[in-house]
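Written below as structure tokens is the structure these notes are about.
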Amino acid sequence: MATLSFLYLGTVIALTAILVVAFRKPVYSVMALLVMFFHIAGLFVTLHAEFLAAVQLIVYAGAILVLYLFVVMLLNVKEDDSYQRQVKLGLGLGLLALTQVVYIVSTAGAPEELVREKTAPVAGNTETIGHALYTTYLFPFEVASLILLVAMIGAILLAKKGIMGPDAGPLKESK
Amino acid sequence: MIPLSYYMILSAIVFVTGVVGVLIRRNIIMILLSIELMLNATNINFVAFSYYLDNIAGQVFVFFALTVAAAEVAVGLAIIIALHRGKATVNVAELNLMKW
Amino acid sequence: MKYALIPLLPFAAFIVIGLFGHWIRERAHWIAVPAVAGSFLLSLFTFAEIANGPPIHVTLYSWITSGAFDVSIGFYIDRLTAVMLLLVTIVSGLVHVYTIGYMHGEPGYARFFAYVALFTFSMLMLVMADNFLQLYVFWEAVGLCSYLLIGHWYDRKSACDAATKAFVVNRVGDFGFGLGVMLIFVTFGSLQYDQVFARAILVDSQTINLLKPLGGEWLIGTLTVICLLLFAGAVGKSAQVPLHVWLPDAMEGPTPISALIHAATMVTAGVFLVARLAPLYNLAPAAMDVVAVTGGLTAIFAATIALTQNDIKRVVAYSTVSQLGYMMMACGLGAYTAGIYHLLTHGAFKALLFLCCGSIIIALHHEQDMRRMGGLKDKLPITYWTMVVGSLALSGFPFTAGFFSKDEILVEAWSSGPLGQVLSVVGLLTAFLTAFYSFRLLFVAFHGESRVDPRYREHVNEPSPTMTVPLVILAVLSIVTGYLEIPLFLVPTPPAPGGVAGFSPPLGGDVGTWTMLVASLMGIAGIVAAYIIYVRSPMLPQRLAEKWKQAYALSFNKWYVDELYDRTIVKPTVDLANGLWRKVDVAVIDALVNGVGSATMLWGRTMRLIQSGEVQHYALAMALGAVVILGVYLLF
């Protein structure tokens with residue numbers, strides 16, 4: 001059962017990831033990404049990280065992707081004609097990196113099976129995370145909220161009209 | 001039990017796909033999207049390790065990574081909008097003012 | 001300690017004038033002259049002390065101690081040194097006084113006095129040295145002062161060239177000198193005179209294999225080699241053939257230093273050297289023969305050139321070379337007393353002759369060519385009569401000091417074997433020539449009708465007393481020094497107890513009387529010949545010159561020695577230097593250095609192209625870097 005779900009989820013994740021990069025039209029890529037997010041959430045559930053699955057869906061699929069769609073439509077992005085000149089190089093590098101990682105992983109000796117049986121957790125996942133968040137990781141938590149604040153302000157400022165000066169014209173051509 | 005190395009390889013596949021996407025797409029928005037791919041790959045990795053090492057820290061880290069990803073997307077898209085206002089393009093190759 | 005003051009007073013004058021010359025300017029003589037005068041007085045006291053007592057040996061300061069190499073600064077004052085001290089201080093003092101008038105109003109007045117003071121210091125240290133290294137150091141120092149003073153008017157290219165020539169030619173000789181000093185150390189293990197002389201007899205039979213590096217065998221006595229090497233330095237310093245070429249050119253310098261350095265003191269350092277090292281030379285007869293022959297050759301060679309020169313200073317310069325040849329000849333034949341005797345008398349009358357020339361030059365507004373002189377006899381009486389005295393002394397006219405000293409040399413030469421006899425005949429011939437050209441100079445410059453530039457003809461006046469009084473003093477000395485029994489005084493000059501014999505007493509007897517007569521005859525004949533040719537028949541010189549054109553050309557062009565050196569040595573060296581400059585310095589070294597610069601710029605220009613401005617190129621580079629590092633990590 002577990003292997004089956006992992007097989008399904010893993011395959012779809014990998015496939016949609018490739019599709020995100022491969023699609024010409026941006027909206028198609030965003031859709032593919034959406035599918036991927038869902039399956040990642042599923043993967044999190046199989047790993048007993050339910051809270052994170054929920055958060056993943058809410059934040060990524062619900063907020064970030066929506067933002068992307070907004071911008072895509074705002075800027076009225078047309079279809080990409082072709083890939084960059086360095087497509088062959090990029091693909092080659094990618095393959096090379098992948099082989100390297102596979103090699104590392106296969107020879108590294110990661111913990112295979114857990115020695116002790118996975119007992120049912122003492123508390124629920126959400127409760128565990130919450131507990132850790134508000135005790136051990138309190139400071140990073142506060143910092144994270146600050147990050148969000150800063151990002152919000154930044155985004156507002158940057159996207160305002162007239163950010164390049166009141167009478168800023170289009171960017172000059174580079175030589 | 002599914003061996004941890006499977007999760008790692010899956011994560012690697014997604015990550016490399018994201019890197020390749022950054023390198024070969026001409027559209028700035030697609031580049032940002034590929035960056036999201038990379039972030040997600042690391043998330044998968046963390047959660048897998050958290051499960052296998054029975055340590056909640058992995059999931060907490062994912063929590064924070066998520067936060068930062070959200071912030072980064074917001075700011076990034078704002079920049080793109082500002083850029084688009086200056087030069088009506090989203091082709092990253094045309095944004096080369098920092099040339100020698 | 002008072003012996004140290006003798007050289008230190010002029011040195012102090014040099015320091016003071018050198019540092020404050022800018023503010024002292026025309027008052028520089030107030031510092032220099034008293035310093036030299038003080039030196040002279042101290043030398044007089046020292047002389048009296050030596051005359052009545054043993055030689056003085058003082059060690060002032062331990063200079064270098066390095067293993068077995070132990071050198072100190074010290075003084076060794078014996079009778080030879082004492083007379084040299086007097087010579088140097090007297091002539092230097094008179095030249096200082098003369099300069100007050102000669103260089104009056106010149107911009108480099110203070111600088112001149114500073115350098116002359118430095119020279120006096122160096123020369124005094126040289127004659128008082130007690131070891132070879134000190135001798136060598138001050139040998140070079142006097143050469144340096146000569147360079148500085150010849151090039152006094154440094155805005156004249158001819159002066160700068162002459163100064164460089166003097167220094168370089170001296171250096172050639174000094175190379176041999178330096179080798180000699182090193183060989184002395186290697187052979188004797190010490191550089192002190194007393195130790196070297198004491199051990200000299202022990203080394204008598206040692207030999208050096210000159211062909212050892214080539215695997216051959218050519219044995220020469222070590223002492224002979226040492227003496228020859230040291231003589232090389234003397235050849236340079238005392239302007240013997242073949243290193244005589246610098247002395248005539250050195251006449252570019254002001255006349256006072258021609259008198260001081262190139263007549264009385266510096267050039268005599270070579271003769272002094274041979275005399276000082278008499279114990280060594282006495283043990284190396286082969287070297288002595290070389291010295292004698294060189295001296296004789298120089299004497300007659302220079303005399304032939306002086307016959308035709310038109311520049312009055314050149315005539316006197318070649319005369320100096322010739323007389324130095326006499327001195328060397330005497331020393332080479334073992335007659336050190338005669339050589340030094342002639343050195344002292346020559347110092348007096350040659351300095352006199354130079355200063356008289358200076359007097360003429362100043363009176364005629366810097367005219368040096370005798371063809372534009374004449375009829376000065378009545379206008380410059382003091383100069384004329386003192387010059388007559390000097391010329392008579394130079395010609396060896398009876399009862400002048402020159403007569404006694406030249407005679408001494410010829411007697412000793414005749415009495416010392418077949419080589420000596422040949423050389424004494426050479427000497428007699430040279431005496432004739434010497435008298436001839438000296439009076440040629442006198443007659444042409446002072447007698448006859450005035451050929452002086454019409455602008456100055458009526459305004460020729462005797463110069464100031466600061467210049468004429470030294471002339472008179474030197475004229476008196478030119479006569480008096482013959483009667484001071486100098487040779488006898490010099491005889492007890494053993495350098496070290498139990499050492500090899502140094503000087504020998506003067507000879508007399510029948511040989512002496514005959515030589516006196518013949519030498520006087522030669523001198524008088526020369527004077528008469530000059531009178532006939534230059535006073536009685538003024539057309540004769542021209543006809544003679546045309547009749548013997550080649551001989552005249554040889555003499556006038558200094559036997560083409562300078563041209564020969566120029567073609568064989570100077571030009572190849574200059575060409576080599578130029579070639580090295582162009583091919584090595586510019587093409588290789590500069591190219592290398594500049595190449596580094598251009599390579600850097602080229603690299604920069606190339607690397608600049610990486611900044612394409614495109615983000616994805618940078619991202620690609622980063623990804624590439626990460627993959628490569630990972631790969632390397634995995635492989636190794």
Side-chain angles (χ1 to χ4, degrees), chain A residues 2-3 6 10 13-14 17-18 20-21 26 29 33 40 43-44 47-49 52 55 59 63-64 67-68 71-72 74-75 77 80 83-84 86-87 90-91 94 97-98 101-102 105-106 110-114 128-129 132-133 137 140 144 147-148 151-152 154-155 158-159 163-164 170-171 174, chain B residues 1-6 8-10 12-14 16-17 19-21 23-27 29-30 33-34 36-37 40 43-44 47-48 50-53 56-57 59-60 62-64 66-75 77-82 84-88 90 93 96-97 99:
Chain A
T3 40
F6 174 75
I13 288 174
I18 294 173
V20 164
V21 172
S29 301
L33 197 60
I40 289 180
L43 200 61
F44 284 175
L47 287 172
H48 298 281
L52 274 182
V55 168
V59 173
I64 291 178
L67 211 57
Y68 267 107
V71 172
V72 164
L74 187 66
L75 298 185
V77 181
D80 252 328
Y83 295 127
Q84 280 280 32
Q86 55 193 24
V87 59
L91 279 172
L98 195 56
V101 172
V102 170
V105 166
S106 51
E112 288 291 341
E113 306 284 340
L114 282 182
T128 326
I129 290 186
L133 214 51
Y137 301 102
I147 290 176
L148 287 172
M152 195 164 64
L158 280 170
I163 192 67
M164 307 271 251
L171 287 172
S174 66
Chain B
M1 296 296 303
I2 298 160
L4 180 57
S5 45
Y6 284 26
M8 285 173 70
I9 292 178
L10 173 68
I13 292 173
V14 178
V16 165
T17 313
V19 171
V20 169
L23 290 179
I24 70 176
R25 296 300 302 242
R26 292 214 303 181
N27 197 328
I29 304 174
M30 298 317 301
L33 220 59
S34 311
E36 290 313 307
L37 268 185
N40 272 281
N43 286 352
I44 298 175
V47 171
S50 160
Y51 178 68
Y52 273 84
L53 297 180
I56 203 64
Q59 297 187 11
V60 171
V62 170
F63 186 82
F64 288 127
L66 218 62
T67 316
V68 171
E72 167 241 324
V73 162
V75 175
L77 289 173
I79 291 176
I80 292 175
I81 292 179
H84 184 83
R85 213 173 278 133
K87 197 169 167 158
V90 287
N96 59 355
L97 273 184
K99 209 160 109 120

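First the proteins, then the strands, lettered A, B, ... as listed; each starts at 1.
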Flag side-chain contact, heavy atom, 4.5 Å: [X] against [Y]:
| X | Y | value |
| --- | --- | --- |
| B/L4 | A/V105 | no |
| A/I40 | B/N43 | no |
| B/F63 | A/V59 | no |

A/L98 and its side chain to side chain contact (heavy atoms under 4.5 Å, CB included) partner, picked from B/V16, B/V20, B/T17: B/V16

Identify which of [options] forms the greatest number of heavy-atom pairs closer than 4.5 Å to chain A.
| options | value |
| --- | --- |
| B/L33, B/I79, B/I13 | B/L33 |
| B/I80, B/V62, B/V68 | B/V62 |
| B/I9, B/V19, B/N40 | B/N40 |
| B/T67, B/V14, B/V47, B/I81 | B/V47 |

Given heavy-atom pairs under 4.5 angstrom as the criterion, report whether the side chain, backbone, both or neither of [X] touches chain B.
| X | answer |
| --- | --- |
| A/L67 | both |
| A/V20 | both |
| A/I129 | both |

Geometric class of the B/Y51/A/H48 ring pair [parallel <30°, tilted 30-60°, perpendicular >60°]: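 Plane angle under 30°, so parallel.
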
